[in-house]
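The next block holds one structure in the form of structure tokens; read it before the comments.
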Amino acid sequence: MEFMFKIRAKAKMLQKRIVLPESLEERTLTAANILLKEEIARIVLIGKKEAILEKAKSLNLDSIDKAQIIDPDTYEKLDAYAKLMVEMRGSKGVTYEKARELLKDPLYLSTLMIKSGDADGEVAGAQNNTGDVLRPAFQYVKTLPGISVVSGAFIMVLKDKEFGEDGLMVFADCAVHPNPTASELAEIAVATGRTTRAIAGFEPRIAMLSFSTKGSAKHEMVDKVVEATRLAREMAPDLKIDGELQADAAIIAAIGQKKAPGSQIAGKANVLVFPTLETGNICYKLVQRLAHAEAIGPVLQGMAAPINDLSRGCSVDDIVQLVAITANQAGGM
Ligand code: ACO
């Protein structure tokens, strides 16, 4: 696929340091081997060197010795990281002893590496759930200036090239923030526009979705989307955003013209922003399954450094792709 080919080629050029904290997990280690062999990124693994190399040998992986392997018991930066954790979250009850304990968890250690500039990004989640991957990141890497909420976008590769940008669309939030307020939804729209430019590689036309088009229904849920559209336009005058739009008015030209005449977006949206996580998560999975689309992501957006969460059902190729995307984010954010 041309889109992923470009992402991998750019990652190769960037040579970013990406941590894979679930280092003994089979799909992760197999992906690490491909990434190292094809030189898509510099890979950092966390764990006991002998155990990782032994596991690699048992899986016939021949390039793992090229990874940087960090031992969470003896790494020379543990003391500095623990002090930083106390500085950042002492008021939330993090003592030096508690910090040293937390650093035994590779998910905490990897976020502290990123926070301290010792790594550029992280991909995890083949083994751990979303909350466990994201919590350390929320606590120590935090959000980008001006953004209060992290969200997750999917790049949808549709079989039908008539939709979106030659068959590519971006959907958000499909992964993180359950019930955004109007201003959080506006931030999600702006962050999704930026992800679209930086990762999907096209100019976004953003539809703020609802069950109403331009006042066809009255409800507080519609009001939220109307307000989010206003705020998003204010936050990012450089982005083309319109709402509130129903899904058909957003993507079907004839319906867009009828329900939202004069809209720059209706009928030709290539980015869909959903009003809640429920709607976003359900829709991306339905499009993936019913339309046999490929769903690449979630690409987490709004975080101060790229940290991406895999589905526990991911394949080796999903991990390779997400590392390449993470490297691109590290190069472009
Ligand atoms: N963006 C930025 N910071 C956040 C966010 C967010 N979206 N959510 C929580 N935080 C921060 C909080 O402000 C808090 O910071 P503080 O400790 O400095 O005050 C910290 O993170 C922890 O906050 P909690 O409210 O305790 O958050 P919790 O850890 O309970 O939940 C989580 C966060 C796990 C992301 C939760 O919102 C969640 O479960 N979301 C759904 C994830 C999910 O299951 N997605 C669907 C599956 S993914 C898929 O299908 C692809």
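Whatever order the structure lists ligands and atoms in, that order sets their numbers, starting from 1.
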Decide whether T213 and S216 meet the rule of one side-chain donor and one side-chain acceptor closer than 3.5 Å.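 No, S216 and T213 have no side-chain donor paired with an acceptor closer than 3.5 Å.
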What residues, two or more places apart in sequence or in another chain, satisfy side chain to side chain contact (heavy atoms under 4.5 Å, CB included) together with V287?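 Partners of V287 by the side chain to side chain contact (heavy atoms under 4.5 Å, CB included) criterion, ordered by chain and then number, come out as M156, L158, F171, A291, A293.
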My understanding is that only residues two or more places apart in sequence, or in another chain, count here; which of them pass side chain to side chain donor-acceptor pair (under 3.5 Å) with R135?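 Per chain and number, R135 pairs via side chain to side chain donor-acceptor pair (under 3.5 Å) with D132.
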Output a table of donor-acceptor pairs, distance under 3.5 Å, between side-chain atoms of residues 115-126 and any protein atom two or more places apart or on a different chain; print 'none' if there are none.
from : atom 1 : to   : atom 2 : distance (Å)
S116 : OG     : L112 : O      : 2.8
D118 : OD1    : K77  : NZ     : 2.9
D118 : OD2    : K77  : NZ     : 3.4
D118 : OD2    : Y81  : OH     : 2.5
D120 : OD1    : R17  : NH2    : 2.9
D120 : OD2    : R17  : N      : 2.7
D120 : OD2    : R17  : NE     : 3.1
E122 : OE1    : S110 : OG     : 3.3

Does a sphere of radius 6.0 Å around CD in E278 hold more than 12 heavy atoms from other residues, nucleotides or ligands, not counting ones at 6.0 Å or beyond?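 No, not enclosed.
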Distances only, to 0.1 Å: what are the N or O pairs between ligand 1 and the protein that fall under 3.5 Å?
from     : atom 1 : to   : atom 2 : distance (Å)
ligand 1 : 1 (N)  : V150 : N      : 2.7
ligand 1 : 7 (N)  : V150 : O      : 3.1
ligand 1 : 7 (N)  : H177 : ND1    : 3.2
ligand 1 : 17 (O) : R89  : NH2    : 2.8
ligand 1 : 18 (O) : R89  : NH1    : 2.9
ligand 1 : 19 (O) : K92  : NZ     : 3.0
ligand 1 : 29 (O) : R135 : NE     : 2.5
ligand 1 : 29 (O) : R135 : NH2    : 3.3
ligand 1 : 40 (N) : V176 : O      : 2.9
ligand 1 : 45 (N) : A175 : O      : 2.8
ligand 1 : 50 (O) : N281 : ND2    : 3.0

Check this for me: does any side-chain nitrogen of one of K48 and D71 sit under 4.0 Å from a carboxylate oxygen of the other?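 Salt bridge: yes.
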